[in-house]
Visitor: 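After the C-alpha cells below, expect a handful of questions from me.
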Amino acid sequence: MTGFLEVGGKSMSDERKYVEELGDVEDDFDRWYVEVVRRAELADESPVRGTRVIRPYGFALWENMQGELDRRIKATGVQNAYFPLFIPKSMLEREAEHVEGFAPEVAWVTRGGNKDLDEPWAVRPTSEAIICPTYARWVQSYRDLPILINQWCSVVRWEERPRAFLRSLEFLWQEGHTAHATLEEAEERARLMLEVYRDFVERELAIPLIPGQKTESEKFAGALRTYTIEAMMGGKKWALQSGTSHNLGDHFGRVFGIEFLDRDGERRYAFNTSWGLSFRTIGAVIMVHGDERGLKLPPRVAPIQVVIVPIWRKDEEREAVEAAVQRVRDVLQPVARVFVDRRDDKTPGWKFNEWELKGVPVRLEIGPRDVAQDQVTLVRRDTHEKRPVSVTELAGVVPAILDEIQANLFAAAKQMLDENTVEIDSYAQLKERVEANAGFSRAYWCGSETCETQVKAETKATIRCIPFEQPGTPGRCIVCGREAEQQVIWARAY
RNA sequence: CGGGGAGUGGCGCAGCCCGGUUAGCGCGCCGCGUUCGGGACGCGGAGGUCGGAGGUUCAAAUCCUCUCUCCCCGACCA
C-alpha cells in the first residue's frame with residue numbers, strides 16, 4: 001500500500017485533484033473504503049440494514065472470481081449442487097458446539113404465510129446442519145465415499161456492525177462439504193482445499209497470504225481443526241481471514257448419523273470437511289491494492305481489463321478516430337476484456353479519472369495524434385506509466401502488460417506484508433505494534449488460552465493463525481515466558 | 001446493547017440557537033450550442049415540504065415529546 005503514504009512525491013494538492021470526495025486515504029482508511037465501494041459502483045446501499053445491492057460492476061468482479069475458483073474446485077473432483085436456504089431448528093441444534101457458536105448470529109423464520117410454524121426454521125448461517133443429514137441418507141457403504149460437493153449460495157449471519165463485503169448480514173460465498181471414510185483422508189482434503197484457496201487468492205487476486213491453523217478458541221464451531229489464509233490489508237495493516245477450511249473430524253458424522261459399513265465389515269462414522277470463501281475477498285482486493293485514486297483491480301479478475309478512450313476535436317477527426325478505435329477493439333477482443341468508452345458528454349480527462357477510480361488495469365487513449373502514427377497511447381493503472389504502442393504490436397503487448405501488472409500488484413502487496421510483519425520477543429513490543437497499527441507480529445506462544453485471552457482483552461489483537469511455516473526451534477511465550485514450541489501471528493482483524 | 005454524531009431535491013451542505021414572505025448554495029440531472037490529449041463552458045430548465053408521528057403556536061425545517069434510520073467508538077463477530 002505504498003501509494004497511500006507516497007503522496008509526498010507530488011504535491012498534496014496535485015494528488016487531491018484525483019481524490020476529490022474519495023476521502024483521505026492516509027488518516028481515514030475506513031472512510032476511504034466506504035467511498036471507493038460506492039463511487040466505483042461496486043455496491044450500493046439497500047433499505048435493509050447490513051445488506052447491500054451488488055451493482056453490475058461489483059458483481060462482474062465476483063463472477064470472474066467465481067469462475068476461477070469454481071474451476072479450481074472442480075479440478076479436485078468436487079461437484080456443484082444446491083441445498084435449501086432453511087434449516088429446521090432441531091437440525092441446527094444437533095451439534096452442540098456448532099449451535100452454540102452460531103446461535104447469536106442466526107436469523108429465524110417463525111411464520112409462513114399467515115400461520116405460525118410449529119418449528120422455527122433457521123436461515124442458514126452455514127449449511128453443515130442440512131448437508132450432513134442429507135449425506136447420512138446417501139451413505140451406506142465405504143463405496144459411497146467420499147462425497148465431494150460444493151455450493152454457491154448466500155448465507156445470513158446477524159452481524160452487529162456490518163461493513164460492505166467484509167461483514168454483511170447476507171453474503172455470497174461458496175461452501176464445500178465433503179465426507180470421507182477416514183480421518184486422514186478428511187485431513188488431506190481440508191489441507192488440499194486451503195491450498196486451492198491460497199493458489200486462487202495469490203494468483204488471481206494478487207494477494208499474498210499467511211496460511212496456517214486457527215487456535216482452539218478461534219476455530220470453527222464444531223470443528224476438529226480449522227485452517228485459514230490470512231491477508232494483510234492496506235491502511236491500518238489489519239488482518240483479514242480470506243478463506244477457511246475445516247477438518248470436522250467425525251463430530252458431525254456422529255450427530256447426523258453418517259454411518260457406513262467399511263471394507264472390514266465394521267460400522268463407522270464418516271469424517272467431514274467444510275470450507276468456504278466469500279465475497280469478503282472483494283473487500284480484500286479493494287484494501288490491499290487500492291490507492292489514493294481508488295481501486296486497482298488485478299487484471300486476471302478485472303471486469304474490464306482494457307478501456308479505450310477515444311479523443312477528438314473536430315468531426316473529421318472523429319471519423320478517423322472512430323475507425324482506429326474499431327480496429328483496435330477488434331484486435332484486442334480475442335485477447336482481453338475490452339470496453340470502449342464512447343460517452344460524448346464526458347471529457348477525456350473525466351473518463352481517465354473515472355476508470356482509474358474503477359481500477360481498470362490498462363487504458364488506451366486514441367486521438368488524432370495516435371491515428372496519424374498508427375499507434376495508441378497506453379497508460380498503466382499501477383505505475384501511471386504512459387507510452388505509445390503501435391497498433392500492429394497491440395495484440396502481443398497488451399496481454400504481456402496485463403501479466404506484468406498482475407505480477408507487480410502481487411509484488412507490491414508482498415512487500416507490504418513482509419515489511420509489516422515483524423518477529424518480536426516481548427509482550428511490550430506487541431502492545432506497541434498493535435497500538436501503532438504496525439501490522440503483523442510474529443511471536444512464540446505457549447499454547448494456553450489464558451495468554452491468548454489476556455492479549456485479546458488488553459490489546460484487541462488476536463492470534464490470526466499458527467503459520468505452517470515454523471522456525472523449528474522452541475522459544476519463550478511472550479506473554480507468560482514459558483517454553484513455547486511454535487510461533488503465531490498476532491494482529492488486529494476486520 | 002452502551003457512548004457520541006447526524007437525518008433538509010440524486011450527492012455534499014447552509015438555514016435551526018433568537019419560529020414569520022415563494023426553504024437556499026455547490027455538484028449532479030434535462031435541453032440547446034460551443035467544447036474534448038488529466039474531472040470544460042455559456043444560456044435555459046426540472047427537481048425538495050425539511051426521516052416519521054404527535055404536541056405547543058395565529059404561524060414550525062426551526063420549540064417540546066416519542067419514534068425510526070444511518071455513521072463513528074465500544075461490546076460482539078466460523
Side-chain angles (χ1 to χ4, degrees), chain A residues 10 14-23 28 30-31 33-35 38-39 44-50 95 97-106 124-129 155 157-164 166-169 171 173 175 214-223 225-228 240-246 248 274-278 280 293-294 309-315 317-318 321 341-357 363-372 375-377 379 384 386 388 456-457 460 462 492-494:
Chain A
K10 300 178 181 184
D14 280 354
E15 286 298 336
R16 280 278 163 68
K17 194 168 61 189
Y18 298 104
V19 181
E20 300 228 359
E21 308 98 78
L22 244 190
D28 200 350
D30 292 338
R31 180 174 159 73
Y33 178 82
V34 169
E35 285 301 311
R38 196 174 63 85
R39 288 164 49 85
D44 197 4
E45 285 158 27
S46 94
V48 179
R49 183 194 76 94
E95 217 288 341
E97 277 181 44
H98 187 59
V99 71
E100 197 191 321
F102 279 101
E105 307 177 49
V106 175
R124 64 182 168 218
T126 176
S127 301
E128 280 77 4
V155 292
R157 297 183 190 178
W158 217 256
E159 300 288 356
E160 292 301 327
R161 278 188 67 184
R163 264 167 84 73
L166 300 179
R167 194 187 301 113
S168 45
L169 255 72
F171 60 88
W173 76 343
E175 49 176 328
K214 283 290 186 189
T215 64
E216 279 301 296
S217 67
E218 297 275 336
K219 75 179 187 186
F220 178 72
R225 280 194 281 277
T226 288
Y227 299 113
T228 178
L240 184 75
Q241 179 174 334
S242 306
T244 178
S245 180
H246 318 291
L248 302 175
S274 67
W275 22 277
L277 183 144
S278 79
R280 95 183 322 199
R293 296 188 190 184
V309 179
I311 301 163
W312 66 81
R313 288 169 200 273
K314 305 166 203 132
D315 278 351
E317 289 174 344
R318 178 175 188 161
V321 166
D341 187 351
R342 291 203 163 84
R343 290 174 294 181
D344 60 2
D345 60 326
K346 301 275 190 273
T347 62
W350 198 96
K351 293 177 182 177
F352 298 165
N353 284 295
E354 183 180 54
W355 292 115
E356 281 171 2
L357 169 66
R363 175 174 81 238
L364 302 182
E365 304 173 10
I366 304 180
R369 292 208 296 264
D370 301 295
V371 173
Q375 66 174 36
V376 304
T377 300
V379 186
H384 305 147
K386 207 174 223 195
K456 185 175 178 181
K460 292 170 194 158
T462 52
R492 287 201 64 169
Y494 280 97

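In what follows, chains are A, B, ... by sequence order, proteins preceding strands, each numbered from 1.
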Visitor: Using whole Å, report how far CD of A:E35 lies from C1' of B:C72.
Guide: 14 Å
Visitor: Considering only atom P, compute the distance from B:A60 to B:G3 and round it to an integer number of Å.
Guide: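 So the two P atoms sit 33 Å from each other.
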Visitor: Using a cut-off of strictly less than 4.0 Å, decide whether A:T347 has a side-chain nitrogen or oxygen near OP1 or OP2 of B:G39.
Guide: no
Visitor: Does B:U22 have a Watson-Crick or wobble mate here (both distances under 3.5 Å), and if so which one?
Guide: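 Its partner is none (no Watson-Crick or G-U wobble pair with both distances under 3.5 Å).
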Visitor: Taking the six-membered ring of A:Y494, is NZ or CZ of A:R163 closer than 6.0 Å to its centre and within 45° of its axis?
Guide: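 No cation-pi geometry.
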Visitor: Both distances under 3.5 Å, Watson-Crick or G-U wobble: report the partner of B:C1, or none.
Guide: B:G74
Visitor: Rounding to an integer number of Å, can you tell me how far A:I311 CD1 sits from B:G38 P?
Guide: 8 Å
Visitor: Between A:R280 and A:F171 (side chain of the first, backbone of the second, donor and acceptor by atom type, cut-off under 3.5 Å), is there such a pair?
Guide: no
Visitor: Counting Watson-Crick and G-U wobble pairs only, both distances under 3.5 Å, name the nucleotide matched with B:G54, or none.
Guide: B:C64
Visitor: Just the rounded figure in Å: distance from P of B:C11 to CG of A:D44.
Guide: 10 Å
Visitor: With no hydrogens and no angle check, is any side-chain donor or acceptor of A:S168 less than 3.5 Å from a backbone partner on A:G50?
Guide: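 Side chain of A:S168 to backbone of A:G50, a donor-acceptor pair under 3.5 Å: no, none is there.
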Visitor: What interatomic distance, in whole Å, is found between C1' of B:A59 and the corresponding atom of B:U49?
Guide: 15 Å
Visitor: Can you tell me how far C1' of B:C76 sits from NZ of A:K460, to the nearest Å?
Guide: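 After rounding, the reported distance stands at 13 Å.
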Visitor: When you get a sec, tell me which of B:G74, B:C77, B:G38 is the closest nucleotide to the side chain of A:R492?
Guide: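 Shortest atom-to-atom distance from the side chain points to B:G74.
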Visitor: With a 3.5 Å limit on both atom pairs, tell me what B:C17 is paired to, counting Watson-Crick and G-U wobble, or say none.
Guide: none
Visitor: I'd like to know if the side chain of A:K351 reaches the main chain of A:V309, judged simply by a donor and an acceptor atom lying under 3.5 Å from each other, with no hydrogens or angles considered.
Guide: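 Pair absent, no side-chain N/O of A:K351 close to backbone of A:V309.
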Visitor: Mind checking A:T377 for me? I need base, sugar-phosphate or nothing, with any heavy atom below 4.0 Å counting as a touch.
Guide: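 It contacts base atoms.
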Visitor: Measure CG/A:D344 against P/B:C36 and give the value in whole Å, please.
Guide: 14 Å
Visitor: Within the structure, does a side-chain N or O atom of A:R369 lie under 4.0 Å from either OP1 or OP2 of B:G37?
Guide: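 For B:G37, neither OP1 nor OP2 has a side-chain N or O of A:R369 closer than 4.0 Å.
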Visitor: Determine whether a donor-acceptor pair (one donor, one acceptor, N or O, separation below 3.5 Å) exists between the side chain of A:R343 and the base of B:G39.
Guide: no
Visitor: Using the C1' atom in both, what is the distance from B:G38 to B:C68, to the nearest Å?
Guide: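 About 44 Å, rounded to a whole number of Å.
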Visitor: Is a donor-acceptor contact shorter than 3.5 angstrom present between the side chain of A:R167 and the base of B:C77?
Guide: yes
Visitor: Between B:G19 and B:U69, how far apart are the P atoms? Round to whole Å, please.
Guide: 32 Å
Visitor: A:W173 or A:R163: which one's nearest nucleotide on RNA chain B is closer to the 5' end?
Guide: A:R163
Visitor: Give none if B:G28 has no partner; otherwise give the nucleotide forming a Watson-Crick or G-U wobble pair with it, both distances under 3.5 Å.
Guide: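 When the pairing criteria are applied, nothing turns out to pair with B:G28, so the answer is none.
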Visitor: Nearest whole Å is fine: how far is B:C11 C1' from A:R39 CZ?
Guide: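 Spelled out: CZ on A:R39 to C1' on B:C11 is 10 Å.
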Visitor: Expressed as a whole number of Å, how far does the C1' atom of B:U67 sit from that of B:G24?
Guide: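 Their C1' atoms lie roughly 29 Å apart.
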Visitor: Please confirm whether any donor atom in the side chain of A:E354 sits under 3.5 Å from an acceptor in the base of B:G39, or the reverse.
Guide: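 No.
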Visitor: For B:G74 versus B:G52, give the span between their C1' atoms, rounded off to a whole number of Å.
Guide: 29 Å
Visitor: Pick base, sugar-phosphate or nothing for A:R363, based on heavy-atom distances below 4.0 Å to the nucleic acid.
Guide: base
Visitor: Report the distance from atom NZ of A:K386 to atom P of B:G38, rounded to the nearest whole Å.
Guide: 6 Å
Visitor: Toward the 5' end of RNA chain B, which comes first, A:Y494 or A:V34, by nearest nucleotide?
Guide: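 So the residue in question is A:V34.
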Visitor: For B:U35, which nucleotide in any strand shown is its Watson-Crick or wobble partner with both distances under 3.5 Å?
Guide: none
Visitor: Classify the nucleic acid contact of A:K219 as base, sugar-phosphate or nothing, counting any heavy atom under 4.0 Å across all strands shown.
Guide: sugar-phosphate
Visitor: Can you see if the side chain of A:R161 gets near the phosphate of B:C71 - specifically, an N or O under 4.0 Å from OP1 or OP2?
Guide: no
Visitor: So A:P368, base contact, sugar-phosphate only, or nothing? Heavy-atom distance under 4.0 Å.
Guide: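 Base, at least one base atom sits under 4.0 Å.
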Visitor: Could you tell me how far B:C27 sits from B:U22 if I compare only their P atoms? Round to whole Å.
Guide: 27 Å
Visitor: At 4.0 Å (heavy atoms only), tell me whether A:E45 reaches a base, stays on the sugar-phosphate, or touches nothing.
Guide: nothing
Visitor: When the distance from CH2 of A:W350 to C1' of B:U35 is rounded to whole Å, what number comes out?
Guide: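 Spelled out: CH2 on A:W350 to C1' on B:U35 is 17 Å.
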Visitor: Report yes if a side-chain nitrogen or oxygen of A:K314 is closer than 4.0 Å to either non-bridging phosphate oxygen (OP1 or OP2) of B:U35; otherwise report no.
Guide: no
Visitor: Between B:G37, B:C77, B:G38, which nucleotide has the shortest distance from any of its atoms to the side chain of A:E105?
Guide: B:C77
Visitor: Quick check: does any side chain N or O of A:E218 sit under 3.5 Å from a backbone N or O of A:K214, one acting as donor and the other as acceptor?
Guide: no
Visitor: When the C1' atoms of B:U65 and B:U56 are compared, how many Å lie between them, rounded to an integer?
Guide: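 Per the computed distance, 11 Å lies between those C1' atoms.
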Visitor: Are the side chain of A:D370 and the backbone of A:G367 linked by a donor-acceptor contact shorter than 3.5 Å?
Guide: yes
Visitor: Taking only side-chain nitrogens and oxygens of A:K346, does any of them come within less than 4.0 Å of OP1 or OP2 of B:C29?
Guide: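 So the side chain of A:K346 is within the cut-off, an N or O lying under 4.0 Å from OP1 or OP2 of B:C29.
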Visitor: Donor-acceptor check, side chain of A:E128 to backbone of A:S274, threshold 3.5 angstrom: yes or no?
Guide: no
Visitor: For A:R343, is there an ion pair with A:D341 - N to carboxylate O distance below 4.0 angstrom?
Guide: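 Judged by the 4.0 Å cut-off on N to carboxylate O distance, A:D341 and A:R343 do form a salt bridge.
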Visitor: Have a look at A:G101 and say if it touches a base, only the backbone sugar-phosphate, or nothing, with a 4.0 Å heavy-atom cut-off.
Guide: nothing
